[in-house]
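Only this structure's heavy atoms are used, side chains among them; waters, hydrogens and symmetry mates stay out. Please read all numbers here as calculations on a predicted model, not as lab measurements.
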Amino acid sequence: MSTWSRIESGIKQGLKDVAASYGIDWIGMGNTASKVGSATVGARNGWREAKTEVRIQISQAETRLAAGKIEKAAAQTMAKGAAKGAMKAIGIWGFIPDIAIFANGFRKGYSAAGN
């Protein structure tokens, strides 16, 4: 079997194992809750920071037209702030267990494809 086929098999198995780690059992619920809880808090904080930034920009706008443009873009700005806050809250440390699960699944899939 070619090396690429073994790598492809390893990637597929790794992804299956990571998806299974979010399953409907105690481990899966704990894994999901750890990500969702911190992401929710981070998103809320990011939303608030972006909202404050938008208010400051509106108050500093020189014309009503400029303030209107800022208000129209406010929802998008706050959504981006929430997304950045969520990713910052999870951080690389939140994905270390997923990386370890993927690596183990990759190893299993890679070696099984070689036999």
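Tyr22 is listed as a side-chain neighbour of Asp98, based on a closest heavy-atom distance under 4.5 Å.
Remark: Lys35 is positioned above the aromatic ring of Phe95, its terminal NZ or CZ atom under 6.0 angstrom from the ring centre and at most 45 degrees off the axis.
Sorted by first then second residue, the salt bridge (Lys or Arg N to Asp or Glu O under 4.0 Å) pairs that include residues 77-86, not counting sequence neighbours, number zero. Listed by first then second residue, pairs satisfying salt bridge (Lys or Arg N to Asp or Glu O under 4.0 Å) with a partner in residues 13-22 read Asp17-Lys108, not counting sequence neighbours.
Between Arg48 and Asn45, the side chains place no donor N or O within less than 3.5 Å of an acceptor N or O (distance only, hydrogens not considered).
Applying the side-chain hydrogen bond (donor to acceptor under 3.5 Å, both in side chains) test to Arg44 and every residue at least two apart in sequence or in another chain returns nothing. Shown here are the salt bridge (Lys or Arg N to Asp or Glu O under 4.0 Å) partners of Lys12, two or more places apart in sequence or in another chain: Glu8. Under the ring-ring contact (aromatic ring centres under 6.0 Å, His included) criterion, Phe102 pairs with no residue at all, not counting sequence neighbours. Residues passing the side-chain contact (heavy atoms from CB on, under 4.5 Å) test with Ile56, sequence neighbours excluded: Thr52, Gln60.
Ile90 and Ile96 fall into different hydrophobic clusters, where Ile, Leu, Val, Met, Phe, Trp and Tyr are joined by side-chain heavy atoms under 4.5 Å apart, directly or via other members. No single ILVMFWY cluster, assembled from side-chain heavy atoms under 4.5 Å apart, contains both Val18 and Val36. Cluster membership check: Phe106 shares its hydrophobic cluster with Trp4, using side-chain heavy-atom separations under 4.5 Å among Ile, Leu, Val, Met, Phe, Trp and Tyr.
Atom CZ of Arg64 is separated from atom CD of Glu71 by 10.5 Å, given to the nearest 0.5 angstrom. Rounding to the nearest 0.5 angstrom, the gap separating the CD1 atom in Ile70 from the CD atom in Glu53 is 10.0 Å. The CD1 atom of Ile99 sits 14.0 Å away from the CG atom of Asn104 when rounded to the nearest 0.5 Å.
Considering every non-hydrogen atom in both Ala39 and Ala86, the closest pair reads O-CB, 3.5 Å. What you find for Gly81 and Ala50 is that their closest heavy atoms are CA-CB, 4.2 Å. Nearest heavy-atom pair, Ala89 versus Gly42, reported as atom, atom and distance to 0.1 Å: CB-CA, 3.7 Å. The shortest heavy-atom contact between Thr3 and Tyr110 is CG2-OH, 4.2 Å.
Remark: the backbone N or O of Gly109 is paired with a side-chain donor or acceptor of Ser9 at under 3.5 angstrom.
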